[in-house]
Enquirer: 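I am attaching a structure below and will ask some questions about it afterwards.
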There are 2 protein chains.
Amino acid sequence: MARERKFSREDLYRVSKQLLLKHGYEGFTFSLLAKDLNISRGAIYKYYENKDELLSEYMIYEMEIFLNKLDKINNYNSFNKQFDFLVDLMFQDQEMHQLRKIGFEIPHTTSETVKINSDTLSQLHLTMYKNLQSFVSQGKKEEIIKTHIPDELVLGFIFQTIDIPNHTHIPQEKWIASIKEIIRNGMFVQ
Amino acid sequence: MARERKFSREDLYRVSKQLLLKHGYEGFTFSLLAKDLNISRGAIYKYYENKDELLSEYMIYEMEIFLNKLDKINNYNSFNKQFDFLVDLMFQDQEMHQLRKIGFEIPHTTSETVKINSDTLSQLHLTMYKNLQSFVSQGKKEEIIKTHIPDELVLGFIFQTIDIPNHTHIPQEKWIASIKEIIRNGMFVQ
DNA sequence: AAAGAAAGTGACAGATATGTTACCTTAATC
DNA sequence: GATTAAGGTAACATATCTGTCACTTTCTTT
């Protein structure tokens, strides 16, 4: 150590998250980042060669946090409780879900570091996928989930429906309850 | 008339669409557009002051085409057929749905023309919404759709689920059939 | 064939993002 | 207190996008 840093890694990640959600991948720049951190742009280059290096590293960080939370799905042994847990988690981590989509825009063609990070990220996605895969399998084995529905669709419904904009500001609890109901039993009167 | 144009409005729209889907709103530039059209960048400025003017106009064009198709929903008088029509339409016009989301990124703060176009676009969205609103109302009146489900969610499910990525390339027919089944009756065994 | 008008071009200036680097600052270590 | 090394800054060169404008090209009209 020689001199105290003006910004921590956490600062970097926090502000990057805000900027990513606001401007998207293409709109994210070191200029904006430096301005929001009240540091000079050059300081960031002491740690990262380009934005892809920073962002791919940050995505790994977010993904690891998410996977840790997701892992708690194994604390529940009935499929129904796991289902509730998963949908609730997705709603809590709605922003993470936005970020994950932005993460796919990072090109893995630039520096070596980015390539390595992208590989790590792919690995984490695979881990997530396997975790969820076994969740779906169990649902089908317990004869709760219809077996003829593609696994991808089971997960896709849970992942996509959290993005439905709630323009009329229906209370979150009611909103989520309705989503769960539709996924479970549909929106048609039986 | 004085001289033949090297590019038609259709050319402009077609290439803009490709670029928008590939690079998103922020990544869309007149430079890219000119290059793909094999014309000079300056030529585009003869018709549009900036990209927002072009894009907002283009979005109106796409939206009008879509609304014309959507209007055919009234050719069906049973709710169930309308439902099938709507889901099928959304799948045919998947790209249009991507574009619509990108369209929301156009700032309505630049030139007067953009403001006017944005208003027109809002109007078209309202028209679409009302059209769909009456579809949902009918479904509830016919006691096919559960009345306690928020209207926004009924539409949201139809609009969002078409975005679920079909990575494993399940045949479209089977895919769409499963989506319809889940929306209607859920993914849980009854 | 001359005049006029719309279409298109290329160059210019301004703005902003990107990497790099010489130099300054701060704090720990000797 | 001098040395060392990491942290930070500001300026520079480069690249790209933007908007404008004088000029050229092409076609129609007279």
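Below, read A as the first sequence line, B as the second, and so on, with proteins coming before strands; counting in each chain starts at 1.
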Enquirer: Does OP1 or OP2 of D:dT25 have a side-chain N or O of B:K6 closer than 4.0 Å?
Expert: no
Enquirer: Without placing hydrogens or testing angles, list every side-chain donor-acceptor pair under 3.5 Å for residues 58-65 of chain A, not counting sequence neighbours.
Expert:
{"residue": "A:Y58", "atom": "OH", "partner": "A:E62", "partner atom": "OE2", "Å": "2.7"}
{"residue": "A:Y61", "atom": "OH", "partner": "A:E10", "partner atom": "OE1", "Å": "3.2"}

Enquirer: Suppose we call a contact any N or O donor and acceptor under 3.5 Å apart; does that hold for the side chain of A:R41 and the base of D:dT9?
Expert: no
Enquirer: Which value, rounded to the nearest 0.5 Å, describes the distance between A:I73 atom CD1 and A:L86 atom CG?
Expert: 5.0 Å
Enquirer: Applying a 4.0 Å non-hydrogen cut-off, can you work out what A:T29 is touching in the nucleic acid: base, sugar-phosphate, or nothing?
Expert: sugar-phosphate
Enquirer: To the nearest Å, how far apart are A:R3 CZ and D:dT3 P?
Expert: 20 Å
Enquirer: For B:L33 and D:dT16, give me the distance from atom CG to atom P, rounded to whole Å.
Expert: 18 Å
Enquirer: For B:K81, does the NZ atom sit with more than 12 other heavy atoms under 6.0 Å from it, leaving out its own atoms?
Expert: no
Enquirer: Check the pair A:F135, A:F85 against ring pair (Phe, Tyr, Trp, His ring centres under 6.0 Å), reporting the backbone distance first and the verdict last.
Expert: CA-CA 11 Å; A:F135 157 76; A:F85 169 81; 9.5 Å; no
Enquirer: D:dG7 P sits how many Å from A:Y48 OH, rounded?
Expert: 12 Å
Enquirer: Over how many whole Å does the gap from B:E26 atom CD to C:dA17 atom P extend?
Expert: 11 Å
Enquirer: Given D:dG7, is OP1 or OP2 found less than 4.0 Å from the side-chain N or O atoms of A:Y47?
Expert: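 Yes, within the criterion.
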Enquirer: Nearest heavy atom decides the nucleotide; on that basis, is B:E4 or B:F30 closer to the 5' end of DNA chain D?
Expert: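 It is B:F30 whose nearest nucleotide is closer to the 5' end.
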Enquirer: Between C:dC12, C:dG19, D:dG8, which nucleotide gets closest to the side-chain atoms of A:N50?
Expert: C:dG19
Enquirer: Could you check whether the rings of A:F83 and B:F188 sit parallel, tilted or perpendicular, using 30° and 60° as the cut-offs?
Expert: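 The rings of A:F83 and B:F188 stand perpendicular, inter-plane angle above 60°.
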Enquirer: Could you check how far OH of A:Y45 sits from P of D:dC12, rounded to whole Å?
Expert: 18 Å
Enquirer: Which ones in residues 12-25 of chain B lie close to DNA chain C, meaning a heavy atom under 4.0 Å from one of its atoms?
Expert: none
Enquirer: More than 12 heavy atoms of other residues, nucleotides or ligands under 6.0 Å from CD of A:Q190: yes or no?
Expert: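 It does: A:Q190 CD has more than 12 such atoms within range.
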Enquirer: Grab the NZ-P distance between B:K51 and D:dT18 for me, whole Å please.
Expert: 6 Å
Enquirer: Indicate whether OP1 or OP2 belonging to C:dT16 is found under 4.0 Å from a side-chain N or O atom of A:S31.
Expert: no
Enquirer: Is A:Q82 reaching over with its side chain to a backbone N or O of A:Y76, donor-acceptor style, under 3.5 angstrom?
Expert: yes
Enquirer: For D:dG8, take OP1 and OP2 only and decide whether either is under 4.0 Å from a side-chain N or O of A:S40.
Expert: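 No, no such contact exists.
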Enquirer: Rounded to the nearest Å, what distance is computed from the CZ atom of residue A:F7 to the C1' atom of nucleotide D:dT9?
Expert: 12 Å
Enquirer: Round to the nearest Å and state the distance from B:L55 atom CG to D:dC17 atom P.
Expert: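 About 15 Å, once rounded to whole Å.
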